[in-house]
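Have a look at the structure below before the remarks.
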Amino acid sequence: MTRPLLEEIGEILRLGEPVRTVRQAAKAVGVDERKIVKTLVVKCGDEYRAYILRGVKRLDLEALGCRLATPEEVQSVTGYQIGGVPPVLALPVFIDEELLGEDYVYGGGGDEYSLLRFKPRDLVERGFARPVKL
């Protein structure tokens, strides 16, 4: 499956200043911090994966048997720098099932000056992410 353009997944919002934290992202678009999601790239054995979860939530790496990918690894396997990684990637992507109840959320839009407004359920329905309990 080829990776779609981000514009096919949701609405890209270009921001006048960089957003590097959940708080900054929420303030930039005027939403509660629970509407901001992060896409974390991890390495599990020889495989890279991505997990989408609320920005205010922590990923239990020990339970997954994984480690966070380094910034260099993230750039290499996704083509994006940390802080701008979008939710649709050419590697296995898992989404926290609690997000599927949200009408929309905001995540990485490709760089630190962009956010992507998207519907979490669309990622699952279109086969771009698999729901998991995190």
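The residues of the chain are indexed from 1 along the displayed sequence.
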Exercise. Do Leu116 and Pro87 have side chains that get closer than 4.5 Å, going by heavy atoms?
Worked result: yes
Problem set entry | Side-chain heavy-atom pair Leu64, Val42 within 4.5 angstrom cut-off | no
Exercise. When clusters are formed by joining ILVMFWY residues with side-chain heavy atoms under 4.5 Å apart, either directly or through shared neighbours, do Leu40 and Val56 land in the same one?
Worked result: no
For this session: Hey, could you give me the CD/CD distance between Glu72 and Gln81, rounded to the nearest 0.5 Å?
Result: 10.5 Å
For this session: For the residue pair Phe128 and Val93, establish whether any side-chain heavy-atom pair is separated by less than 4.5 Å.
Result: no
For this session: Quick one: pull up CD1 in Ile82 and CD in Gln75 and give me the separation to the nearest 0.5 Å.
Result: 10.0 Å
Exercise. What pair of heavy atoms forms the shortest contact from Leu91 to Ala50, and how long is it?
Worked result: CD1-N, 3.4 Å
Problem set entry | ILVMFWY network linking Tyr51 to Val74, side-chain heavy atoms under 4.5 angstrom | no
Exercise. OG1/Thr21 to NZ/Lys38 distance, rounded to the nearest 0.5 angstrom?
Worked result: 11.5 Å
Exercise. So do Ile52 and Leu123 actually touch side chain to side chain, heavy atoms under 4.5 Å?
Worked result: yes
Exercise. Taking C-beta and beyond as the side chain, do Leu59 and Leu134 meet within less than 4.5 Å on heavy atoms?
Worked result: yes
Problem set entry | Derivation of the side-chain contact (heavy atoms from CB on, under 4.5 Å) call for Leu89 and Tyr80 | CA-CA 10 Å; Leu89 299 165; Tyr80 299 99; 4.1 Å; yes
For this session: Go through the steps for Ile36 and Val31 under the test side-chain contact (heavy atoms from CB on, under 4.5 Å), then give the verdict.
Result: CA-CA 8 Å; Ile36 306 299; Val31 298; 3.9 Å; yes
For this session: Determine whether Leu13 and Glu11 make a side-chain contact, defined as any pair of heavy atoms from C-beta on separated by less than 4.5 Å.
Result: yes
For this session: State plainly whether one hydrophobic cluster holds both Val85 and Val19, where clusters connect Ile, Leu, Val, Met, Phe, Trp and Tyr through side-chain heavy atoms under 4.5 angstrom apart.
Result: no
Exercise. Just wondering, are more than 12 heavy atoms of other shown residues or ligands nearer than 6.0 Å to CD in Glu17?
Worked result: no
Side-chain donor/acceptor pairs under 3.5 Å, residues 98-109, sequence neighbours excluded:
from	atom 1	to	atom 2	distance (Å)
Glu98	OE2	Arg54	NE	2.6
Glu102	OE1	Lys35	NZ	3.1
Glu102	OE2	Arg54	NH1	3.2
Glu102	OE2	Arg54	NH2	2.9
Asp103	OD1	Lys35	NZ	2.7
Tyr106	OH	Arg117	NE	3.3

Exercise. CG of Leu6 to CG of Leu115: how many Å apart, nearest 0.5 Å?
Worked result: 11.5 Å
For this session: Could you grab the distance from atom CZ of Arg130 to atom CD of Glu97, nearest 0.5 Å is fine?
Result: 14.0 Å
Problem set entry | Value rounded to 0.5 Å, distance of CD in Glu33 from CD in Gln24 | 10.5 Å
Exercise. Which pairs with one or both residues in residues 107-116 pass salt bridge (charged side-chain N to carboxylate O under 4.0 Å, His left out), sequence neighbours excluded?
Worked result: Arg20-Glu112
Exercise. For atom CG of Leu53, is the number of surrounding heavy atoms from other residues, nucleotides or ligands below 6.0 Å larger than 12?
Worked result: yes
For this session: Verify the neighbour count for atom NZ of Lys119: are there more than 12 heavy atoms of other residues, nucleotides or ligands below 6.0 Å?
Result: no
For this session: Count the heavy atoms of every other residue, nucleotide or ligand shown that sit under 6.0 Å from CZ of Arg23, and state whether that count exceeds 12.
Result: no
For this session: Take Val37 and Phe118 through the side-chain contact (heavy atoms from CB on, under 4.5 Å) test and state the conclusion after the steps.
Result: CA-CA 10 Å; Val37 300; Phe118 68 97; 3.9 Å; yes
Exercise. Taking all atoms of both residues into account, what is the closest heavy-atom pair of Tyr48 and Ala69, and its distance?
Worked result: CE2-CB, 4.2 Å
